Amino acid sequence: MERKEFLSLVGISVGAVMLQHCLSGCSKSSDPSPTTTGGTTGGTGGTTTTGFSGNATASKGTINFTLDLTAASYTSLATNGNAKVVDDVIVAKTSAGNYIAVSKACTHQGTTIDFFSALNKFRCSTHGSEFSTTGSVLVGPATSPLTQYQATFDSSKNTLTVKA
Ligand code: FES
């Protein structure tokens, strides 16, 4: 066997082993399976949506935006238990009627999380990480908290301001 041919075969074998390892790693049985349903992200809104003003995209600077809850895209947030993704943020109104906002991307691998109002927590459907209403990790595999934002409702204007 020629040296070049040998090296080619070794390269293919190593590649096959690495691929197999990667594929098995993506579906390892230790990953928690989703066990709850009923979460909601409530669709998206943001930069180009009527009723939105400010910035909800972390890469564009400090998060600071206001939602007009009389605008069609955001009226759902007037109801307890609902949630809505606004660019990089997920805003929710808890079952108790409190507004909360955290970064939408799971800190494990970036999946957009859902809000489960009945459980009063956020959950990632990909591997099952769970986060409190303040963004702290309740269940892994995520190890880092979500970013929590201040959410302030102005009843005189029917607006919700979210900021860092
Ligand atoms: S992406 Fe893995 S738990 Fe969210």
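Each ligand, and each atom within it, is numbered from 1 in the order the structure gives. What you are looking at is a predicted structure, and each value in this text was computed from that prediction instead of being measured.
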Report the relative orientation of the aromatic rings in His127 and His108; use parallel for angles under 30°, tilted for 30 to 60°, perpendicular for over 60°.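 Answer is perpendicular, since the angle exceeds 60°.
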
Side-chain contact test, heavy atoms from C-beta onward, threshold under 4.5 Å: evaluate it for Val102 versus Phe122 and give yes or no.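 With C-beta onward as the side chain, the pair touches.
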
Minimum heavy-atom separation for [X] to [Y], with atom names?
X	Y	answer
Gly110	Ala105	O-CB, 3.9 Å
Ser76	Asn82	O-ND2, 2.8 Å
Ala101	Val162	CB-CG1, 3.7 Å
Val137	Ser144	CG2-O, 3.2 Å

Around atom 4 (Fe) of ligand 1, how many protein N, O or S atoms are found at less than 2.8 Å?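 Near atom 4 (Fe) of ligand 1, the number of protein N, O or S atoms below 2.8 Å is 2.
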
